[in-house]
Colleague: 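I'd like to ask you about the structure that follows.
In what follows, chains are A, B, ... by sequence order, proteins preceding strands, each numbered from 1.
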Amino acid sequence: MTASELDEIRAIERKWQDRWFHDKIFEPKSTGSKKYFLTTPYPYTSGPQHIGHTRTYNVADIHARFMRMNGHNVLWPMAWHITGTPILAISSCIERRENATIALYKNYIRLYEGDESRVEKIVNSFVDPWNIANYFAAKIVPDFQKMGFSIDWSRQFTTGDPIYNQFIRWQYGKLMELGLIVRGQHPVLFCTIDQNAVGEDDIAGGDVEKISIDDYVGIKFSLGDAYIVTATLRPETVFAATNLWVAPSATYVKAYVDGETWIISQQSASKLRYQQREVTIVEEFRGTDLLGAHCISPLGRKMTILPASFVDADHGTGIVMSVPAHAPYDWAALNDLKQQRDISADVDLYHLGSEVEAIQPISLVKIDGYGDFPAVELCERYGVRSQHDDKTLSRITNLLYREEFYTGVLKQTAQQFEGRLVRDVKQDIVEFLKGQNAASTIYETSAKGLCRCGGSVVVAIEPGQYFLNYGDPQWKEKAFELLDQLKIVPEAYRAQFVQTFQWLDQRPCVRRRGLGTQFPFSKEHWIIEPLSDSVIYMALYTVIKHLRECDPERLTPASFDYIFLGKGDPTNVSQQTGLSPAVLRAARDEFTYWYPNDHRHTAVAHISNHLSFFLFHHAILFPKTCWPRLVTLNELLIREGVKMSKSKGNVIPIATVPEVYSADLVRLSLVSIADLNSTVDWMEQEVEMVKKRLLRFWYSAKSDVEAGRPEYDEELSFASKWILAATNAMVSRASEAAHQFSYRKYVTEAFFEQLNRVEEYKSMILDNDERRRVLWDVTDVWLRVLAPVVPHIAEELWERMQNVGYISLAAFPLYDNLHAETLAQKRFLDGVIGDISNIQAAIRRETESVFIYLAAAWKYQLYAVAEGLDDLSIKKIMARAKENPDLRTRLKEIAQIAPGLAKSFAHEPASDSTLGFEAESETLRAAKEYLTRKFRKRVYICVENSETYDPANRARRALPAKPAIYVE
RNA sequence: GCGGAGGUAGCCAAGUGGUCAACGGCGGUGGGCUCAAGAUCCACUCUCACAGGAGUUCGCGGGUUCGAAUCCCUCCCUCCGCACCA
C-alpha cells in the first residue's frame with residue numbers, strides 16, 4: 001500500500017498516542033461505583049505480536065472504550081507470559097548458531113532497531129532466555145500503543161518475577177491442600193541426547209507436523225523359550241493374524257525384558273529402556289535368521305515368520321503381525337511374496353513356497369459396503385501394485401482403520417467377542433490378552449522426529465509426574481456451577497465448554513524444563529507448565545502495585561490468603577509475614593474493588609484449555625462473588641485465504657502497521673471484515689476499500705468541522721430534521737450492537753451507513769448556515785460513536801471542534817425514540833424516488849417533467865378502515881367499505897385495490913406503511929426542490945381527482961404510501 | 001466416530017418466518033470527470049419484460065405454514081476441537 005495519503009492520519013495517531021500515554025488516561029483509580037475489569041491473554045514474549053493476535057486485543061479495546069464512554073471505570077491491564085520451553089528452545093538455537101533462527105530473530109529485531117550492529121548485539125544476547133523474554137515484553141508495549149490500545153501499563157509483570165512465583169506457589173499450595181494434585185506415571189516425548197522431555201518447540205519442524213504419542217499393544221508370540229513381540233494399534237486383529245513380518249536386513253535382538261525373553265528389533269530394545277523397562281541384550285542377529293521360523297500366537301495358532309520390506313525396525317518392535325484381510329500393507333506384502341516379487345538375494349524362500357501359497361486372509365470385521373476382505377478390495381480399487389506403494393497404502397490404511405474402528409462389528413472368528421463393535425471391544429481384548437500374559441503396552445511416537453539438538457525423539461515414561469486432577473467430581477461440580485452462571489458471547493460456544501468440562505481429567509501440570517515457577521512440593525526440578533500457571537493471574541493485576549513494595553520473600557501463602565480470601569486480619573498477617581498492615585489492607589481493598597473479572601476476551605482456540613482451566617481454578621479457589629462474569633470469544637485471522645505462520649512468512653507484525661497501514665485503518669478493518677464468530681480473512685483488497693472510506697470520512701468530517709458552527713434559529717428543513725433523526729437512530733442501533741458485541745454491525749451502522757447518510761444529506765440541503773450548523777451537531781454525536789473504533793481520528797476532530805478534554809473520556813451520546821414520523825417520511829420519499837428512477841430507467845428517453853399524484857382521500861379512508869380489521873380478507877374489506885358512506889359509492893374501484901391491500905398489510909403492520917395524506921403531502925412539498933435538482937426535471941405534486949392534468953391516465957394507480965407517477 | 005460451526009448470486013459475505021430478487025464489498029459492464037491513466041462519482045450486473053411488471057433462485061430431497069433462505073426431517077459436502085501444545 002503506497003499510502004502517502006495516510007500520512008496525515010498517521011501523524012495524528014502518533015500525536016494522540018503520545019498524549020494518552022503521557023497523561024496516563026487509561027490508568028483508573030480504584031474508586032467509583034461502576035467498575036469494569038476486562039482482561040485479555042498476556043502475550044507470550046517469544047517474538048513480536050502480529051495482526052492475528054491483534055484481532056483479539058482490538059475487540060477488547062473497542063469494548064473497553066465503549067464501556068468507558070458509557071460511564072464505567074474500566075481497568076484493562078497487561079502482563080507477560082514467559083513460562084515454558086519455547087523461549088528456552090529459541091535461546092539454545094541461537095547458542096548453537098542455527099542460521100534459520102538467527103535470521104528470523106534478526107528480522108524481528110530489525111522491526112525495532114535501525115542499527116545493524118545493535119541488531120547483532122541483541123541477537124547475541126538471546127543466548128540468555130531472559131533477554132528474549134525481556135526484550136519482546138519491552139517491545140510489545142510500543143506495539144500495542146501503536147494500535148491505540150487503552151491499556152493500563154502501570155500493572156505489568158512477567159510470569160518469571162519473584163512476586164509471580166510466590167503467587168503461583170500459593171495457588172498450588174491451595175490445590176495441594178484440596179487434594180487436587182496427584183502423582184503417577186506418564187509418557188512424554190523425550191530427547192535421547194538432552195536426556196530430557198521435549199515439547200513441540202524443541203522438535204525440528206514440530207510446529208508443522210505435530211508428533212504425538214501412540215499407545216501400541218505388544219502381542220507376544222511364543223518362539224521356543226522366548227516371545228517374539230509384535231506391536232500393533234489394532235490388538236483385536238490377533239484373531240485374523242496369518243503370519244508375522246520382519247525386516248530381513250534389520251538387526252534383531254534376544255533380550256531380557258522385565259524378566260522375560262523377548263525377540264524385538266535392536267532399536268526397539270533401546271527405546272524400551274526409556275519406558276521404565278529393564279532391558280538386557282543377550283544376542284544379536286539379522287532378520288533373515290528369523291525367516292521361516294514358526295511361532296505360536298496367543299490363540300494357539302502356528303504362524304510362519306516371513307520377510308516384508310515395509311517393516312520398519314525403528315518403529316514399534318520391528319515385528320508386525322500380518323492381517324491380510326484387514327490391513328492393506330499386509331495384503332500387498334503377502335501378494336508380493338506369492339508372486340516372488342521384492343525378494344532380496346539373501347532371502348532364501350524356496351523351501352517356504354508351499355507355506356506362503358497356503359496363507360489365505362482370515363475375515364474378522366464386518367463393515368458396511370465391504371465384503372469379507374476389505375483390505376483386498378481397497379488394494380484392488382486403488383490399484384496397489386506392491387508394498388512399495390507407500391502413499392496409497394498409508395491412505396487406505398487410515399481409511400480402513402477408521403471405518404473398522406468406529407463402525408466395524410466382530411465376526412465369529414473373534415470367538416467370545418463376536419458381535420461387538422470394534423471400538424467397544426478393543427480394551428476388553430487388551431485385558432483378555434494381558435490376562436494371559438500375552439500383551440504389554442508399548443509407547444511409540446506417531447512420527448519420527450529429531451530434537452533441535454540432533455537427538456532422536458522417543459517416548460519415555462516419567463514415573464513421578466504431577467497431575468492436576470480435573471476429573472475430581474467435586475471440582476467438576478463446582479466448575480459446572482460456575483459455567484451455569486457465566487455469560488458467554490457468542491453463546492453458541494457454550495456447548496464446547498460443556499464438552500471440555502466433561503472430558504477434562506488428569507492433566508500433567510509440571511515439566512522438567514522451562515522458565516517459570518518451581519513446583520513447591522518436590523525437591524526435584526519440576527517447573528509448573530505454562531497452561532497451569534496462567535489461570536488466576538487476573539487477580540494479581542489488582543494488587544501488583546502494592547506487592548511491588550514488598551520483599552517477595554515475605555509474600556507467603558498467609559499473605560495471599562488474606563489479600564485474596566480475606567483470611568485473618570492485617571495485624572496478624574503482618575506479624576506472620578513482616579509485611580506492613582497498611583500494604584496488606586490496601587491490597588485487599590483494591591482486590592475486592594476490582595474482582596471479579598467482569599469480562600475476559602480471548603480467541604476460540606482457548607476454550608478447550610486455558611479458558612476451561614481459568615474457570616475450574618476460579619471455581620475451586622475463590623468464593624462465588626469472585627467468579628468471572630463474562631467470557632467473549634473471537635475466531636482466528638487468516639491472510640488472503642491462508643493461515644498466517646512464521647514458516648509461510650506471511651505474518652504482518654504490528655510494528656509495521658504505522659508504515660504500511662494506520663492504526664485506525666487496521667482497527668476499522670479488523671471489525672468490519674467479520675463478526676466475532678467467523679474468521680477474518682485479511683485481504684489487501686478489502687483493506688484498500690476500508691481505507692478509501694476512511695479517507696472519505698476524514699476529508700468530509702474535517703471540512704465540516706472547519707466550516708464552523710454558525711448560529712441558526714430558523715425552523716429546520718425536512719432534510720435537517722431527517723439527518724438529526726437518522727443520527728439519533730444510528731446511536732441507538734450502534735449502542736445495541738455494542739452491548740451484543742456485534743462490532744461488525746456497529747461499524748456498518750455507525751461508520752459506513754452513516755457516511756452515506758451524511759453525504760445524502762449534503763445533496764439534499766441548500767441553505768449554507770443551516771447545513772453547517774446541522775452537520776456540526778451531527779458530527780458532535782457521530783464522533784463520539786466512532787471514538788471506540790477510530791479513536792485517533794475522533795480525538796483530532798474533537799479537539800478541532802474546540803472541545804475540552806479527551807473524546808476517549810467523553811460521554812457516549814444519548815438517544816431517544818421520538819423521531820419515528822420523520823424517519824417514516826424519509827422512507828416514503830425514498831419509495832417515491834425509487835419509483836421515479838425505475839420508470840425513468842424503463843422508458844429510456846429524455847423527459848422534462850414528473851407528475852406525482854397523491855391518492856384520493858377516499859383511498860386513505862379505505863386504508864384506515866382496513867387497518868382496523870384483524871382478518872384482511874377481500875370479502876371483509878368489501879363489507880366494511882359498504883358500511884362507509886364515502887366508500888359505498890366506489891365499490892368497483894375498491895374491489896380492484898383490495899387484493900393488493902390485503903397482501904401488503906399481511907407483510908407489515910398498516911400503521912408502519914401509511915403516513916396519511918397530510919404527512920405525505922407535506923413530505924413531497926418539502927422535498928420538491930430536492931426532487932427537481934435530483935432528477936433535473938420540473939416536478940408537479942398533484943392529487944388524484946378529475947380536474948388534474950393526467951394525459952396517460954396514471955393518477956388512478958395512486959395509493960396511500962405509493963403515489964402514482966407520470967413522466968413526460 | 002463424538003462434539004461444535006457452516007454450505008446464500010462470478011467471488012467474499014449479511015440476512016434466521018412476511019418490507020427478500022435477498023445489505024455491503026470485490027470483480028464485471030456502461031457512463032460522467034480527465035489530453036490520458038490512476039483516483040473518484042453515477043447507473044447496471046439471476047432470466048424475461050421495458051411505465052413502476054412477471055418468472056425462477058439461497059447444498060440435495062421431503063415436510064410444516066396463507067406464506068420458508070429462515071422452522072422440522074433424510075441425505076451430501078466443508079471447516080474446527082478431541083489433551084499435555086502456547
Colleague: Between A:R696 and B:rA39, is there a side-chain N or O to OP1/OP2 distance below 4.0 Å?
Modeller: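 Looking at the OP1 and OP2 atoms of B:rA39, neither is under 4.0 Å from any side-chain N or O of A:R696.
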Colleague: Looking at A:W526, does the NZ or CZ of A:R511 lie under 6.0 angstrom from its six-membered ring centre and within 45 degrees of the ring axis?
Modeller: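 Geometry flag: not set, cation outside 6.0 Å or 45°.
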Colleague: From the options A:P43, A:P48, A:S46, select the one residue that forms a side-chain contact (heavy atoms from CB on, under 4.5 Å) with A:F136.
Modeller: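 In the set A:P43, A:P48, A:S46, the residue that makes a side-chain contact (heavy atoms from CB on, under 4.5 Å) with A:F136 is A:P48.
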Colleague: So A:P963, base contact, sugar-phosphate only, or nothing? Heavy-atom distance under 4.0 Å.
Modeller: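 Base contact - A:P963 has a heavy atom under 4.0 Å of at least one base atom.
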Colleague: Establish, from distance only, whether the side-chain atoms of A:R513 and A:T85 form a donor-acceptor pair under 3.5 Å.
Modeller: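 Checked: A:R513/A:T85 side chains show no N/O donor-acceptor pair below 3.5 Å.
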Colleague: May I ask you to say what A:D681 touches in the nucleic acid, namely base, sugar-phosphate or nothing, with a heavy-atom cut-off under 4.0 Å?
Modeller: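 If one applies the 4.0 Å heavy-atom cut-off, A:D681 turns out to touch nothing in the nucleic acid.
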Colleague: Among B:rA83, B:rG52, B:rA86, which nucleotide sits nearest the side chain of A:P86?
Modeller: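 When the side chain of A:P86 is considered, B:rA86 is the closest of B:rA83, B:rG52, B:rA86.
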Colleague: The side chain of A:S678 is closest to which nucleotide in this list: B:rG52, B:rG25, B:rA14?
Modeller: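 Looking only at side-chain atoms, A:S678 lies closest to B:rA14.
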Colleague: Base, sugar-phosphate or nothing for A:R957? Non-hydrogen atoms, less than 4.0 Å.
Modeller: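 It contacts base atoms.
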Colleague: Going by purine N1 to pyrimidine N3 plus the second Watson-Crick contact, or the G-U wobble pair, all under 3.5 Å, which nucleotide sits opposite B:rG81?
Modeller: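 B:rG81 is paired with B:rC2.
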Colleague: Side chain of A:Y44: nearest nucleotide among B:rG52, B:rA86, B:rC82?
Modeller: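 Among the listed nucleotides, the one closest to the side chain of A:Y44 is B:rA86.
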Colleague: Just compare B:rA83, B:rC84, B:rG81 and give me whichever is closest to any side-chain atom of A:S608.
Modeller: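 The answer is B:rG81, which lies nearest to the side chain.
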Colleague: Of the candidate nucleotides B:rC12, B:rA13, B:rA86, which contains the atom at the shortest distance from the side chain of A:M683?
Modeller: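 Minimum distance to the A:M683 side chain belongs to B:rC12.
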Colleague: Has A:R693 got a side-chain N or O lying under 4.0 Å from the OP1 or OP2 atom of B:rG25?
Modeller: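 For A:R693, the contact criterion (side-chain N or O under 4.0 Å from OP1 or OP2 of B:rG25) is met.
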Colleague: Does A:Y743 have its ring centroid less than 6.0 Å away from the ring centroid of A:Y746?
Modeller: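 They qualify: ring centres under 6.0 Å apart.
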Colleague: So, OP1 or OP2 of B:rA39: does either fall under 4.0 Å of a side-chain N or O from A:K692?
Modeller: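 Looking at the OP1 and OP2 atoms of B:rA39, neither is under 4.0 Å from any side-chain N or O of A:K692.
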Colleague: Is A:Y966 touching bases, backbone alone, or none of the nucleic acid, heavy atoms closer than 4.0 Å?
Modeller: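 If one applies the 4.0 Å heavy-atom cut-off, A:Y966 turns out to touch a base.
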Colleague: Considering only side-chain heavy atoms of A:R511, which listed nucleotide, B:rA83, B:rC26, B:rC85, is closest?
Modeller: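 Of the options given, the side chain of A:R511 lies nearest B:rC85.
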Colleague: Check every atom of B:rG52, B:rA83, B:rG25 against the side chain of A:D505 and return the nucleotide holding the closest atom.
Modeller: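 Shortest atom-to-atom distance from the side chain points to B:rA83.
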Colleague: Would you tell me if any nitrogen or oxygen in the side chain of A:Q685 comes within less than 4.0 Å of OP1 or OP2 on B:rG27?
Modeller: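 Yes.
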Colleague: Where the side chain of A:R744 is concerned, which of B:rA13, B:rA86, B:rG4 is the nearest nucleotide?
Modeller: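 The answer is B:rA13.
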Colleague: Can any side-chain N or O of A:R183 pair as donor or acceptor with the backbone N or O of A:G464 at less than 3.5 Å?
Modeller: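 Present.
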Colleague: Should B:rG24 form a Watson-Crick or G-U wobble pair with both distances under 3.5 Å, which nucleotide is its partner?
Modeller: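 B:rG24 is paired, partner B:rC12.
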Colleague: May I ask which nucleotide in the shown strands pairs with B:rC71, Watson-Crick or G-U wobble, both distances under 3.5 Å?
Modeller: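 Check on B:rC71: paired to B:rG63, both distances under 3.5 Å.
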Colleague: Report the distance from atom CG of A:L504 to atom P of B:rG3, rounded to the nearest whole Å.
Modeller: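 Whole-Å distance recorded here is 18 Å.
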Colleague: Can you figure out which of B:rG52, B:rC84, B:rG25 approaches the side chain of A:I965 most closely?
Modeller: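 Out of B:rG52, B:rC84, B:rG25, the nucleotide with an atom closest to A:I965's side chain is B:rG52.
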Colleague: When both hydrogen-bonding distances must be under 3.5 Å and the geometry is Watson-Crick or G-U wobble, what is B:rA43 paired with, if anything?
Modeller: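 B:rU29 - that is the nucleotide pairing with B:rA43, both distances being under 3.5 Å.
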Colleague: Just call it for A:A674: base, sugar-phosphate, or nothing, with non-hydrogen atoms closer than 4.0 Å on any strand.
Modeller: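 It contacts nothing in the nucleic acid.
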Colleague: Nearest to the side chain of A:M689, which nucleotide is it out of B:rG25, B:rG4, B:rG52?
Modeller: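 Between B:rG25, B:rG4, B:rG52, the one nearest the side chain of A:M689 would be B:rG25.
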Colleague: Please assess A:S763 against A:K934 for the test side chain to side chain donor-acceptor pair (under 3.5 Å), listing each intermediate value before the final yes or no.
Modeller: CA-CA 9 Å; A:S763 75; A:K934 186 175 175 71; over 6 Å; no
Colleague: Please give the nucleotide sitting opposite B:rA49 as a Watson-Crick or G-U wobble pair, both distances under 3.5 Å, or none.
Modeller: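 When the pairing criteria are applied, nothing turns out to pair with B:rA49, so the answer is none.
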Colleague: Have a look at A:P530 and say if it touches a base, only the backbone sugar-phosphate, or nothing, with a 4.0 Å heavy-atom cut-off.
Modeller: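 Since only primed, P, OP1 and OP2 atoms lie under 4.0 Å of A:P530, the category is sugar-phosphate.
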Colleague: With sugar-phosphate meaning primed atoms plus P, OP1 and OP2, does A:H186 contact a base, only sugar-phosphate, or nothing at under 4.0 Å between heavy atoms?
Modeller: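 Base: the residue A:H186, judged by heavy atoms under 4.0 Å, touches a nucleobase.
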Colleague: Does the ring centre of A:H50 sit less than 6.0 Å away from the ring centre of A:W682?
Modeller: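 No - the distance between ring centres of A:W682 and A:H50 does not fall below the 6.0 Å cut-off.
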Colleague: Base, sugar-phosphate alone, or nothing: which one does A:Q499 contact when heavy atoms must sit under 4.0 Å apart?
Modeller: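 Base contact.
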